[in-house]
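Right, one structure below, let's go through it.
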Amino acid sequence: MLRIPIMPATATASRSLPDLSTEELTAWMTAQGYKATHTLPVLREVYGARAGEHVPKDRLPAGLMEHVTSTFPRVAASLARRQVSEDGTCKLLLRLPDGRTVESVLMPDYHADRAAGCISSQVGCAMGCDFCATTQTGFERNLTSGEIVEQFLHLRREAQATGRTLRTVVFMGMGEPMLNLRNVLEAVRRMADNKLGALGWRQVTISTVGIVPGIDELTEADLGVHLAVSLHAPDDETRAALLPMGKRFAVQDVLAAADRYQAQSGRITTIQYCLLEGVNDSLEQARELARLLQGRRMHVNLLRYNPTGLSLKGRTYAPSSMEQTESFLATLREHGAVAHLRRARGPDIDAACGQLRRRAAEQGGKLAGAAS
Ligand SMILES: C[S@@+](CC[C@H](N)C(=O)[O-])C[C@H]1O[C@@H](n2cnc3c(N)ncnc32)[C@H](O)[C@@H]1O
Ligand code: SF4
């Protein structure tokens with residue numbers, strides 16, 4: 001099987017606790033004279049749903065947590081910027097130990113006590129999708145598994161501060177998760193391992209621009225997370241004009257890989273479709289999309305486009321009108337597709353992925369991380 005090359009994560013100087021694998025933490029603890037059986041309670045204390053509460057203190061030797069966290073901090077990333085929208089969406093810009101920055105977003109749920117988190121897998125992105133702000137500053141590096149998990153911990157703290165529980169995590173922030181799959185899966189294991197008690201597998205969604213070997217590796221990994229595929233057009237020509245990866249992987253091949261994932265995991269695949277005026281929002285395209293999805297266990301998530309200024313190719317995209325959006329949705333449904341319109345989040349802040357980071361860079365003179 002064709003394997004995608006795994007771009008190595010650049011190691012950062014300091015290591016936080018989320019950066020350590022269970023085996024690494026166990027090795028350190030036993031070298032310090034603690035029992036290997038104390039690893040799990042320590043990890044539960046850090047990642048558990050009610051971190052710090054549900055592990056009775058007397059099950060850990062006195063001073064162990066302090067010893068661990070003074071050696072390996074709970075988080076190494078610091079908060080560089082925070083934007084809160086009128087709708088409660090909260091966008092964080094986190095500064096990594098090497099000075100680079102990534103975005104993570106907390107989105108309140110319809111349930112007043114729940115929230116969803118959107119996290120990044122890479123600093124920047126190499127995929128060059130024409131309407132996405134993330135890729136405009138290029139690709140800098142993969143995030144380590146710890147840096148991914150730390151976003152989850154930051155968002156969970158934000159959620160807790162507003163009386164919410166972080167219930168789901170989607171990899172829809174900066175970067176293409178399939179090109180950093182080893183670290184993404186390692187992070188997912190730490191966030192969603194039942195033994196650690198933070199989330200469940202089905203509370204995690206990995207979104208991809210449609211890297212077929214990556215989807216197949218996810219199938220092999222057999223974790224039972226949800227898969228989202230960013231399709232954005234039903235035909236290869238329109239898709240390839242928007243997403244360069246569309247030239248490499250045809251629509252039918254991407255959907256066939258998603259079928260394989262669905263057959264193995266039992267999970268319904270989400271098809272992400274960002275409506276761009278005059279580009280991919282005709283009713284004929286809606287009919288074609290519905291035809292493609294016939295007989296497949298997939299549902300369409302229509303996204304409102306967040307304008308981001310000039311595109312990579314120097315184009316200016318506009319979101320489809322509400323009228324056209326509703327007609328597109330109705331046409332999909334009339335032709336048998338299961339489809340929903342995703343609520344626009346944080347329209348009054350830099351809601352599009354990559355925007356806050358870009359603005360911070362413009363205001364700060366240069367991109368964080370380029371400081372060296
Ligand atoms: C930022 S990507 C990250 C995950 C992965 N790289 C992917 O493409 O699926 C998450 C989703 O946001 C969409 N997106 C990117 N820029 C957007 C924008 N300006 N407005 C609305 N959606 C956007 C992408 O097409 C994709 O469906
Ligand atoms: S849409 Fe996804 S794959 Fe495309 S440039 Fe943005 S982050 Fe990268």
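Both ligands and their constituent atoms are indexed starting at 1 by order of listing. What you see is a predicted model; the values in this text were computed from it and never measured.
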N/O/S atom of Cys132 under 2.8 Å from atom 4 (Fe) of ligand 2, yes or no?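 No.
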
Which of these, [options], has its nearest heavy atom closest to [atom]?
| atom | options | value |
| --- | --- | --- |
| atom 15 (C) of ligand 1 | Ser207, Cys132, Cys129, Pro177 | Cys132 |
| atom 9 (O) of ligand 1 | Ser230, Pro319, Ser311 | Ser230 |
| atom 3 (S) of ligand 2 | Met127, Gln272, Met174 | Met127 |
| atom 24 (C) of ligand 1 | His232, Arg304, Gln272 | His232 |

Subset of ligand 1 atoms that lie under 4.0 Å from at least one heavy atom of [X]:
| X | value |
| --- | --- |
| Cys274 | 21 (C), 22 (N) |
| Phe171 | 4 (C) |
| Gly175 | 3 (C), 4 (C), 5 (C), 6 (N) |
| Thr208 | 7 (C), 9 (O) |

Rounding to 0.5 Å, atoms OH (Tyr261) and CZ (Arg297) come to a distance of 13.0 Å

With a 4.0 Å cut-off on N to O distance, would you call Asp130 and Arg315 a salt bridge?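 Salt bridge flag = no for Arg315 with Asp130.
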
NZ/NE/NH1/NH2 to OD/OE distance under 4.0 Å, Arg182 and Glu186: no

With a 6.0 Å cut-off (strictly less than), is the heavy-atom count around CD of Glu284, excluding the residue itself, greater than 12? yes

Can you establish whether the number of heavy atoms outside Arg202 located under 6.0 Å from its atom CZ is more than 12? no

Does any non-hydrogen side-chain atom of Gln122 lie less than 4.5 Å from one of Phe139?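 Contact flag for Phe139/Gln122 side chains = yes.
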
Within the 4.5 Å heavy-atom criterion, are Thr308 and Cys132 side-chain neighbours or not? no

Please evaluate residues Ser121 and Asn180 with respect to the criterion side chain to side chain donor-acceptor pair (under 3.5 Å), reporting the C-alpha separation (whole Å), side-chain torsions for both, the decisive distance (0.1 Å), and the verdict. CA-CA 7 Å; Ser121 55; Asn180 187 18; 5.5 Å; no

Is the contact between Thr308 and ligand 1 made by the side chain, the backbone, both, or neither, using heavy atoms and a 4.0 Å cut-off?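 Side chain only.
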
Got a donor-acceptor contact below 3.5 angstrom from the Thr101 side chain to the Arg95 backbone? no

Heavy atom of [X], distance to ligand 1 below 4.0 Å:
| X | value |
| --- | --- |
| Met127 | no |
| Ala133 | no |
| Tyr317 | no |
| Gly173 | yes |

Atom indices of ligand 2, in the order listed, that fall short of 4.0 Å to a heavy atom of Cys125: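 So the answer, numbered in order with elements, is 3 (S), 5 (S), 7 (S), 8 (Fe).
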
Check the side chains of Arg304 and Thr325 for a donor-acceptor pair under 3.5 angstrom, ignoring hydrogens and angles. yes

Under 4.0 Å, counting heavy atoms only: does Ser230 come that close to any atom of ligand 2? no

Does Tyr273 have its ring centroid less than 6.0 Å away from the ring centroid of Phe328?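 Between Phe328 and Tyr273, which both carry aromatic rings, the centre distance is below 6.0 Å.
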
Can you tell which part of Cys129 has a heavy atom less than 4.0 Å from ligand 2: side chain, backbone, both or neither?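 Both the backbone and the side chain of Cys129 come within reach of ligand 2.
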
